[in-house]
Amino acid sequence: MSRTAMYLAHFGLRELPFGLTPDTAFAYATRAHQEALNTLLIASTHGEGFIKITGEVGTGKTLLCRRFLASQGSEVVTCYLPNPLLTPTTLMLALADELELKLSPQASEYELIKAINQELLALAAEGRRVIVCVDEAQALPLKSLETLRLLSNLETEKRKLLQVVLLGQPELDARLALSSMRQLRQRIAFHYRLTGMDRPELRHYLHHRLNVAGRHGVELFSAGAIAALQRATGGTPRLVNILAHKALLAVYGAGLDTVETAHVRAAARDTDGARSCAPFGLNWWHKLNWSAR
């Protein structure tokens, strides 16, 4: 039996519960995620303007995007651009590829815009809408952001032909705050900022992932461990997954059955980006002693 199989058998799991790859099978509707998804669903029905979703690293923007795209019916053509390091020309080539247009890589910007516009008009004639989702949009060059704005100008007499969803880290707000971006900024009709989970929500999140992974019955994380996990991660899903996985490995290595506060603290000390999860007042006590020396 492999080590992984022994680890899974020890906790009564079928698969690893705290992986880092966004997996819709493990999707958990936190309050923030559900509100963000509702914002996307409502805003997308209007068919106009930009929609902006921001959140810190690891708050689940990519998973949110996949849930949103998966919820769209056949009347919507979705285009997903996961690589934001695109020049204006490569951005249009990527969009043309998503629209299944066969164009030469050497096509001029004029040819690209003309072909994209014709395809958008044809889709509109069929009663279909087009939504473009740009992930990691904080890394999109300013000229490419401006290209997106210009593409969003394509319209019929009745409505816009293209709607854009920008998903990015808070740095996206800084880029959009630039004076040169004021025209695009004015196009943002809806926006939402993802936040982390509070302690009760985090407890449900852990239970949900363990349940999906095959664990049933006795809780694996003690109340103290959950409190420490929330303090160390701020409820950010990716950090939660990293620390929960490390804590479980420590418990398995020690031949124990329950994750306690000490396991989470050890995992936090070993993880970049995790906060101190010492009990409330302990840091203050240490600082007081230090300053008194």
Side-chain angles (χ1 to χ4, degrees), residues 20-82 84 98 123-124 127-138 140 145 148-149 152 159-173 175-177 184-209 211-212 230 233-241:
L20 297 183
T21 303
D23 184 346
T24 52
F26 283 90
Y28 175 78
T30 66
R31 175 193 52 77
H33 256 238
Q34 195 55 52
E35 288 178 357
L37 182 60
N38 291 343
T39 299
L40 284 171
L41 293 172
I42 293 170
S44 63
T45 60
H46 288 257
E48 292 189 356
F50 281 64
I51 308 168
K52 182 187 67 167
I53 304 291
T54 55
E56 285 290 350
V57 174
T59 47
K61 296 180 291 296
T62 299
L63 183 59
L64 171 68
C65 184
R66 291 182 182 178
R67 289 182 65 199
F68 170 65
L69 293 175
S71 71
Q72 299 303 305
S74 58
E75 76 282 4
V76 178
V77 176
T78 58
C79 304
Y80 178 53
L81 304 180
E98 287 289 301
L123 291 169
R128 305 178 75 189
R129 297 183 288 120
V130 177
I131 299 177
V132 180
C133 292
V134 184
D135 207 356
E136 303 288 353
Q138 78 284 347
L140 202 62
L145 278 170
L148 275 178
R149 185 189 70 79
S152 74
R159 63 181 175 89
K160 296 286 186 184
L161 296 175
L162 193 70
Q163 191 171 28
V164 181
V165 179
L166 299 174
L167 301 107
Q169 296 166 21
E171 289 82 354
L172 175 62
D173 288 327
R175 296 177 75 79
L176 294 175
L184 191 157
R185 197 165 59 243
Q186 291 170 359
R187 300 279 183 86
I188 297 174
F190 297 89
H191 63 90
Y192 189 87
R193 178 77 176 266
L194 287 166
T195 55
M197 296 174 279
D198 59 20
R199 196 181 304 179
E201 197 167 34
L202 175 56
R203 178 176 175 276
H204 288 295
Y205 175 81
L206 295 171
H207 181 79
H208 168 77
R209 292 196 70 104
N211 189 266
V212 172
Q230 205 284 330
T233 64
T236 300
R238 185 181 299 167
L239 264 181
V240 168
N241 287 3

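For clarity, every value in this text was computed on a predicted model and none was experimentally measured. Values below: every heavy atom of this structure, side chains too, minus hydrogens, waters and symmetry copies. The residues of the chain are indexed from 1 along the displayed sequence.
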(request) Look only at the side chain of Arg128 and the backbone of Ser74, and say whether a donor-acceptor pair between them is shorter than 3.5 Å. (result) yes
(request) Could you grab the distance from atom CG of Leu40 to atom OG1 of Thr45, nearest 0.5 Å is fine? (result) 11.0 Å
(request) Give a yes or no answer on whether the side chain of His208 reaches the backbone of Ala27 with a donor-acceptor pair at less than 3.5 Å. (result) yes
(request) Would you check if the side chain of Arg209 reaches a backbone N or O of Tyr28 as a donor-acceptor pair within less than 3.5 Å? (result) no
(request) Measure the CD1-OH distance between Ile51 and Tyr192 for me, rounded to the nearest 0.5 Å. (result) 14.5 Å
(request) Taking Gln230 for its side chain and Met197 for its backbone only, find out whether a donor-acceptor pair lies under 3.5 Å. (result) yes
(request) Kindly give the heavy-atom pair with the smallest separation between Ala25 and Val212, and that separation in Å. (result) O-CG1, 3.7 Å
(request) Give the minimum heavy-atom separation between Val240 and Thr233, together with the two atoms involved. (result) CG2-OG1, 3.4 Å
(request) Might you point out which heavy atoms bring Gly58 and Thr236 nearest each other, and give the distance in Å? (result) O-CG2, 3.2 Å
(message) Return the CD to OG1 distance between Glu35 and Thr39, rounded to the nearest 0.5 Å.
(response) 7.5 Å
(message) Ignoring hydrogens, what is the shortest heavy-atom contact between Leu167 and Cys65? Give both atom names and the distance.
(response) CD1-SG, 3.9 Å
(request) Kindly compute the distance separating CZ (Phe68) from CD1 (Ile131), expressed to the nearest 0.5 Å. (result) 4.0 Å
(message) Quick check on side-chain contact (heavy atoms from CB on, under 4.5 Å): which of Val77, Leu162, Thr78, Leu166 does Val132 satisfy it with?
(response) Leu162
(message) So if I apply the side-chain contact (heavy atoms from CB on, under 4.5 Å) rule between Lys52 and each of Val165, Leu184, Leu172, which one comes out positive?
(response) Leu172
(message) So which atom in Ser71 and which in Leu41 form the shortest heavy-atom distance, rounded to 0.1 Å?
(response) OG-CD2, 3.4 Å
(message) Any non-hydrogen side-chain atom of Thr54 less than 4.5 Å from a side-chain atom of His191?
(response) no
(request) Starting at CG of Leu145, measure out to CZ of Phe50 and round the result to the nearest 0.5 Å. (result) 8.0 Å
(message) Taking the side chain as everything from C-beta on, heavy atoms only, tell me whether Glu56 gets closer than 4.5 Å to Pro170.
(response) yes
(message) Using modelled atom types and a 3.5 Å cut-off, is there a donor and acceptor pairing between side-chain atoms of Arg129 and backbone atoms of Ser44?
(response) yes
(message) For a quick test of reading the model, state the closest non-hydrogen atom pair linking His33 to Leu194 and the distance between them.
(response) CD2-CD2, 3.8 Å
(request) Spell out, as yes or no, whether a donor-acceptor pair under 3.5 Å connects the side chain of Lys61 to the backbone of Ile53. (result) no
(request) Measure from the side-chain N and O atoms of Arg185 to the backbone N and O of Leu176, and report whether any donor-acceptor pair falls under 3.5 Å. (result) yes
(message) Test your reading of the model: is there a side-chain donor-acceptor pair from Gln138 to the backbone of Gly168, 3.5 Å cut-off?
(response) no
(message) One thing to verify: whether Asp198 and Arg31 come together as a salt bridge, which I'm taking to mean a side-chain N less than 4.0 angstrom from a carboxylate O.
(response) no
(request) Nearest 0.5 Å please: distance from the CG atom of Leu206 over to the CG atom of Asn211. (result) 12.5 Å
